[in-house]
Amino acid sequence: MDAIQKVRGREGAFRTGGVGSMAEAFTIIQSSADGILVTDANRIIVVSNPAIERLTGYTDEDLLGRPCAYLLDARDYTGRLLCDILCPFHGEESLDSIEVTIARKDGTRVWVELSCGRIKADDGRLVGAVYTLRDASQRKEAEQVKDDYISIAAHDLRTPVTTIKGYAQLMRRWLARGDTSRFEEGLKTVEKESDHLVQLVEALLDVSRIQSGHLQLSPHRLNLSDFIEEVVARVRQTADTHHVVLERIGSVWGQWDRVRIEQVLNNLIDNAIKYSPNGGDVRIVVEQDEGEVRIHVSDRGIGIPAADMGKVFGRHQRLSNAAELDLQGSGLGLYIVKGIVEAHGGRVWVQSELNVGSTFSFALPTEDYQVSDFTS
Ligand code: ADP
């Protein structure tokens with residue numbers, strides 16, 4: 001009788017064992033969402049459930065009758081083999097939910113939360129161990145994203161803070177020399193960098209609200225065409241390098257958050273201006289179709305390299321085109337635009353040609369509309 005047959009025999013005994021509750025226990029183990037492995041006193045695996053196969057790729061044939069340590073190769077975050085640190089067959093410490101990586105059959109490793117219980121006979125003898133393995137890969141990935149986010153945020157915030165501190169030191173030195181002639185310049189920079197800092201903090205808060213699904217909207221009934229016209233009028237007051245053109249329709253009504261929609265429009269128009277350093281028209285087109293209003297913001301700017309198109313709406317994405325121009329930005333704007341539009345039940349997309357220009361578009365669900373087009 002080979003090892004697997006022996007084990008199958010034991011499993012069978014466990015399954016039928018003459019006692020109804022034993023058979024039920026086996027069924028429970030088999031249907032558990034967590035991976036369960038049972039070893040005997042010799043650390044040979046005698047029971048493995050389907051969740052173990054889903055988690056590791058190892059089938060019963062791979063596992064039953066083999067030593068647990070050899071197959072799982074469980075290691076802690078420093079890479080130490082778990083068998084060397086905590087083995088249920090050594091010592092009396094409980095092995096209560098420790099995070100380890102284990103080896104999958106295909107050679108990759110997966111994070112699991114592993115707990116272990118000792119199985120003792122009535123006379124107190126250690127006759128085996130039961131291991132529970134819960135997939136922790138998604139949580140680990142989320143932790144990684146959070147860590148990356150914190151380090152990028154800290155990096156972004158450091159730049160304006162360093163400038164503000166630099167100017168404060170400089171102005172103290174000027175003051176010590178009795179020279180206040182450049183105070184105006186210093187204070188302007190401090191003010192500008194403080195605004196930048198506030199914008200960054202607000203953007204980072206928006207990103208975290210979007211990520212956690214807690215972006216709060218205050219929707220009110222709004223005529224989007226009229227509202228866009230107001231926003232464009234405000235933009236025109238400061239945009240002296242570009243001609244901002246609006247092609248709008250008569251009225252288009254829906255339930256939207258005006259502050260957030262203005263944020264979307266400002267972001268797209270600011271980008272259109274920023275990424276077309278040689279000027280040219282920035283064109284905003286409003287159109288309506290089948291229960292949605294579409295807004296397109298086009299520029300004749302630097303365009304986006306084809307290879308970067310898939311990354312445009314990602315978090316903290318500054319593309320190679322922006323890097324070349326050495327333009328200031330956090331790479332958060334379009335991620336927030338997408339979050340706001342999607343929170344309204346809408347969608348965003350972009351069309352672009354390198355060195356020709358880009359059109360950023362978004363669509364929002366509408367209530368009703370009356371068409372009477374005109375251009376301003
Ligand atoms: P930021 O402008 O702060 O870098 P955004 O999230 O607004 O961040 O934009 C992300 C990236 O997308 C930019 O860094 C730039 O590479 C690219 N991009 C955005 N708008 C345009 C545009 N109108 N034309 C060309 N590239 C753009």
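In each ligand, atom 1 is the first atom listed, and ligand 1 is the first ligand listed. When reading the values below, keep in mind they use all heavy atoms of this one structure, side chains included, and skip hydrogens, waters and symmetry mates.
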- From N271, N267, T359, I273 - option closest to atom 20 (N) of ligand 1 by heavy atom: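 Selected option, by shortest heavy-atom distance: N271.
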
- Query: For atom 27 (C) of ligand 1, which of Y335, Y275, F313 has the closest heavy atom?
  - Reply: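 Looking at heavy atoms only, the winner is Y275.
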
- Message: Tell me whether ligand 1 is touched by G303 - counting only heavy atoms on the residue side and a distance under 4.0 Å.
- Response: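 It does, in that a heavy atom of G303 comes within the 4.0 Å cut-off of ligand 1.
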
Which of the atoms of ligand 1 are close to [X], meaning less than 4.0 Å from one of its heavy atoms?
X    : result
S358 : 24 (N), 25 (C)
I304 : 25 (C), 26 (N)
G331 : 1 (P), 3 (O), 4 (O), 6 (O), 8 (O)
K274 : 1 (P), 2 (O), 3 (O)
L332 : 6 (O), 8 (O)

- Any residue meeting side chain to side chain donor-acceptor pair (under 3.5 Å) with S137, in chain and number order, not counting sequence neighbours: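 S137 satisfies side chain to side chain donor-acceptor pair (under 3.5 Å) with D135 once adjacent residues are dropped.
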
[atom] [closest protein heavy-atom partner, distance rounded to 0.1 Å]:
atom                    : value
atom 23 (N) of ligand 1 : D299 OD2, 2.9 Å
atom 3 (O) of ligand 1  : S330 N, 2.9 Å
atom 4 (O) of ligand 1  : R318 NE, 2.5 Å
atom 16 (O) of ligand 1 : N321 OD1, 2.7 Å
atom 10 (C) of ligand 1 : Q317 O, 3.0 Å
atom 12 (O) of ligand 1 : L319 CD1, 3.7 Å

- Message: I'd like to know if the side chain of R109 reaches the main chain of D73, judged simply by a donor and an acceptor atom lying under 3.5 Å from each other, with no hydrogens or angles considered.
- Response: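 Checked: pair present.
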
- Item | Donor-acceptor pair, side chain of H344 and main chain of I340, under 3.5 angstrom |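 Confirmed, H344 side chain pairs with I340 backbone.
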
Tabulate below the donor-acceptor pairs under 3.5 Å that side-chain atoms of residues 142-153 make, not counting sequence neighbours, or state none.
| residue | atom | partner | partner atom | Å |
| --- | --- | --- | --- | --- |
| E143 | OE2 | R139 | NH1 | 3.3 |
| Q144 | NE2 | D148 | OD1 | 3.1 |
| Y149 | OH | L204 | O | 2.5 |
| S151 | OG | D148 | O | 3.1 |

- Within the structure, does G333 bring an N/O atom to less than 3.5 angstrom of an N/O atom in ligand 1?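 Right, the criterion is met.
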
- Item | Distance-only side-chain donor-acceptor flag, T359 / H296, under 3.5 Å |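 There is no such pair (donor and acceptor under 3.5 Å, judged by atom type) between the side chains of T359 and H296.
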
- Message: Within the 3.5 Å criterion, strictly below it, is a donor on T162 or R158 matched to an acceptor on the partner's side chain?
- Response: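 Not at all, the side chains of T162 and R158 share no donor-acceptor pair under 3.5 Å.
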
- Item | Member of E290, E292, Q288, R294 meeting the side chain to side chain donor-acceptor pair (under 3.5 Å) criterion with T366 |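 Looking at E290, E292, Q288, R294, the match for T366 under the side chain to side chain donor-acceptor pair (under 3.5 Å) is Q288.
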
- Output yes when D179 and R173 qualify as a salt bridge under the 4.0 Å nitrogen-oxygen rule, no when they do not.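 R173 and D179: not salt-bridged.
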
- Do NZ/NE/NH1/NH2 and the carboxylate oxygens of D270 and K274 come within less than 4.0 Å?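 Answer for the salt bridge query: no.
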
- For R134, does the CZ atom sit with more than 12 other heavy atoms under 6.0 Å from it, leaving out its own atoms?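 12 or below, so no.
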
- Message: For L334, which part has a heavy atom under 4.0 Å from ligand 1: side chain, backbone, both, or neither?
- Response: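 The answer is both, backbone and side chain.
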
